[in-house]
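Nothing fancy with the numbering, it's 1 onward along the sequence. As the structure is a prediction and not an experimental result, all values here were calculated from the model.
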Amino acid sequence: MTEPSYVLRGGLIVDGSGAEPFRGDVAISGDRVAAVAPIVQQRGAVELDVRDLAVAPGFINMLSWAIAPLFHDGRSMSDIKQGVTLEIFGEGWSMGPYTQRMRREVMERQADLKYEVDWTTLGEGLERLERRGVSCNIASFVGAATLRIHELGYDDRRATPQELGRMRALVRQSMRDGALGVGSALIYTPATFADTDELAALASAAGEFGGMYISHLRNEGDRLLEAVDELIEIARRARCGGEIYHLKQAGRENWPKLDEVIERVDSARAEGLAITADMYPYTAGATGLDAAMPPWSQEGGHGKWIARLRDPEMRRRVIEEMRQPATTWDNLYRAAGSAENVLLLQFKNPALKSLTGKTLAAVAALRRKTPEDTALDLVIEDDSRVGCAYFLMAETNVHRQIGLPWMSFGSDAGSLAPEGPFLLSNPHPRAYGTFARVLGHYARDGGAANLQDVVRRMTSLPARNLKLQDRGVLETGAFADVVVFDPTRIRDHATYDEPHRFATGVEHVFVNGVAVLRDAEHTGATPGRVVRGPGFSA
């Protein structure tokens, strides 16, 4: 054995397997873990005393929107400072496959963070980001909405057999390029126009290569149980694993449904289906005002949506449906209960930036209009979906979900820094606090789960679900993605009022054997790589 580049001495080894932690040393040589033992005899080029700290595999962010942030700032600051070493993209939309028109649309819809889209396939997009230089590893699902736009545009109709065949061919090519499977987000247009048959056909193409199906369910509120059933049916028909993105029960009347969701997932797992879920540890979700408006109003794409909101008759119809219980779509405005529970976070129009951090109710009062009229006006004036947070979930359910054995974690956010253009908008605090909040507030302080099991579900569980080789574990021969943190001190600090606040308690982070965080300070290193799925063929 050559001299290790690093030896971490005397830490509490939490190896990702779920086994009882033990005191020991970890040696890193090149991009791999060279040894994990009670005592590593060899000296390292660099020796780190970590006796008061825990040593674990790097954390896997199952739902990341860090693409634009990483193009702007490859350091991945807010996630690296929580120990995240792998960002997973692809909730419905992915970095390809693109047509020329799609590439142009992606650039036109950019807001504070702008970057050139000079690639076509998903594999090319990931490689482009790697070449830019990133501190974290990156991977992606291929987005079902991206596939649909590629072949059908934004129309509300079924795919023809020929179109579906081309979509399945794009899935297969994306899997060969390293995609992890197919990801969908079924409350948004045009994704919501896809039926179960279409999704099962796409998932089965991914399943041919060992990929999985992962989905923002068609409904997280009044029809939550039916939506869970759909995901399980798709996984069964496609003969692949299935995961629920950011499991929640949206709206007070739906909070009691968690028992039935758990029962359905456990039953499917007992049947032999690999059904899992992920979550973020907050009672508010964050998306856009498009999630408050019926899908029909958004058919045809962004421009046609804006045109309908300007039309007096269409506008009246949209507002009426916003106020009514929805049976065919997931109305997050209704689920939030009132405009007081809708917090405005992101605008791209400089004239509207002053409204950041205000509730929809407060802005409506300022403008002396109804909240519904105000929501439509803001979308028109900003020429965007307008980022916002909806307070939807029960704290008791969040606490309970933290402990579920098949639950992993995802921020559903970018990886940011409190500087530059990142400060032009407010993120949900999950961008800075998800993993630290699970480890600190919920596991350590709240007793929702023990340390080794939470670490297992941040590391080896998602790695196994994604069929990643030599990731998510702290063992000899594995890639040296390693986080060293203080389990007694790790804590999130970001709030809805002050979201740009780093978590604390993570001291060292290694990505592919390179130190990107030393003594809680970023080194500036960018050793991140594209991590490819089970179908990859070089």
Would you say that [X] contacts [Y] through its side chain, given a criterion of any heavy-atom pair below 4.5 Å between the two side chains?
X: R400; Y: D259; value: yes
X: D330; Y: T192; value: no
X: L122; Y: Q173; value: no
X: W406; Y: R457; value: no
X: I80; Y: S415; value: no
X: D382; Y: Q346; value: no
X: R168; Y: R172; value: yes
X: Y442; Y: H399; value: yes

[atom2] on [Y] to [atom1] on [X], rounded to 0.5 Å:
X: I490; Y: H441; atom1: CD1; atom2: NE2; answer: 14.0 Å
X: F502; Y: L416; atom1: CZ; atom2: CG; answer: 9.0 Å
X: S184; Y: L217; atom1: OG; atom2: CG; answer: 8.0 Å

Is the backbone N or O of [Y] less than 3.5 Å from a side-chain atom of [X], with the two atoms forming a donor-acceptor pair by type?
X: K248; Y: A284; value: no
X: R471; Y: R464; value: no
X: S297; Y: W305; value: no
X: H522; Y: R75; value: yes
X: N254; Y: Q249; value: no
X: E163; Y: A159; value: no
X: W255; Y: L392; value: yes
X: T283; Y: M393; value: no
X: T459; Y: V455; value: yes
X: S204; Y: G207; value: no

Centroid-centroid distance, [X] to [Y], less than 6.0 Å:
X: H500; Y: Y432; answer: yes
X: F409; Y: Y280; answer: no
X: F391; Y: Y496; answer: yes

#### Entry: Intermediate values then yes/no, side chain to side chain contact (heavy atoms under 4.5 Å, CB included), V33 and L474
CA-CA 7 Å; V33 174; L474 202 58; 4.3 Å; yes
[atom1] ([X]) with more than 12 external heavy atoms under 6.0 Å:
X: E271; atom1: CD; answer: yes
X: R157; atom1: CZ; answer: yes
X: Q469; atom1: CD; answer: no
X: R132; atom1: CZ; answer: yes

### For D112, side chain to side chain donor-acceptor pair (under 3.5 Å) partners two or more places apart
K353, S425
#### Entry: Residue list, side chain to side chain donor-acceptor pair (under 3.5 Å) with E233, at least two apart or on another chain
R237
Under a 4.0 Å threshold between the charged nitrogen and the carboxylate oxygen, would [Y] count as salt-bridged to [X]?
X: E299; Y: K304; result: no
X: D222; Y: R334; result: no
X: E198; Y: R148; result: yes
X: R32; Y: E475; result: no
X: E127; Y: R532; result: yes
X: E105; Y: R109; result: no

### Query
Which pairs count as ring-ring contact (aromatic ring centres under 6.0 Å, His included) when at least one residue sits in residues 140-165, sequence neighbours excluded?
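Sorted result for residues 140-165: empty, none.
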### Task
Enumerate the residue pairs fulfilling ring-ring contact (aromatic ring centres under 6.0 Å, His included) with a member in residues 208-237, sequence neighbours excluded, ordered by first and then second residue.
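ring-ring contact (aromatic ring centres under 6.0 Å, His included) check on residues 208-237 returns Y188-H216, H216-H246.
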### Query
Under 6.0 Å from the six-membered ring centre of Y282 and within 45° of its axis: does the NZ or CZ of R437 meet both?
yes
### Partners meeting salt bridge (charged side-chain N to carboxylate O under 4.0 Å, His left out) with D229 (sequence neighbours left out)
R264
Taking all non-hydrogen atoms of both residues into account, name the closest pair between [X] and [Y] and its distance.
X: M212; Y: G242; value: CE-C, 4.2 Å
X: I138; Y: E130; value: CD1-N, 4.1 Å
X: P534; Y: G211; value: CG-N, 4.0 Å
X: V14; Y: Q452; value: CG1-CA, 3.8 Å

### Message
I'd like to know whether L186 forms a side chain to side chain contact (heavy atoms under 4.5 Å, CB included) with E230, so could you lay out the CA-CA distance, the side-chain angles of the two residues, the decisive distance to 0.1 Å, and finally the verdict.
### Response
CA-CA 11 Å; L186 301 179; E230 181 186 36; 3.9 Å; yes
#### Entry: Derivation of the side chain to side chain contact (heavy atoms under 4.5 Å, CB included) call for H302 and D383
CA-CA 8 Å; H302 181 81; D383 194 26; 2.8 Å; yes
### Message
Is it true that Q401 and N397 share a donor-acceptor pair across their side chains at a distance under 3.5 Å?
### Response
no
### Query
If we ignore angles and hydrogens, is there a donor and acceptor under 3.5 Å between the side chains of R223 and T327?
no
Could you tabulate the donor-acceptor pairs under 3.5 Å formed by side-chain atoms of residues 60-72, not counting sequence neighbours?
unit_1: N61; atom_1: OD1; unit_2: L63; atom_2: N; d: 3.2
unit_1: N61; atom_1: OD1; unit_2: S411; atom_2: N; d: 2.9
unit_1: N61; atom_1: ND2; unit_2: D79; atom_2: OD2; d: 3.1
unit_1: N61; atom_1: ND2; unit_2: E87; atom_2: OE1; d: 3.1
unit_1: N61; atom_1: ND2; unit_2: S411; atom_2: OG; d: 3.0
unit_1: S64; atom_1: OG; unit_2: A66; atom_2: N; d: 3.1
unit_1: S64; atom_1: OG; unit_2: E87; atom_2: OE1; d: 2.7
unit_1: W65; atom_1: NE1; unit_2: E91; atom_2: OE1; d: 3.2
unit_1: W65; atom_1: NE1; unit_2: D412; atom_2: OD1; d: 2.9

### Task
For M407 and I402, run side chain to side chain contact (heavy atoms under 4.5 Å, CB included): C-alpha distance rounded to whole Å, both residues' side-chain angles, the deciding distance at 0.1 Å, then the answer.
CA-CA 7 Å; M407 182 68 68; I402 296 287; over 6 Å; no
### Task
Quick one: do R385 and T287 satisfy side-chain hydrogen bond (donor to acceptor under 3.5 Å, both in side chains)? Show the steps, please.
CA-CA 9 Å; R385 60 200 292 258; T287 179; 2.8 Å; yes
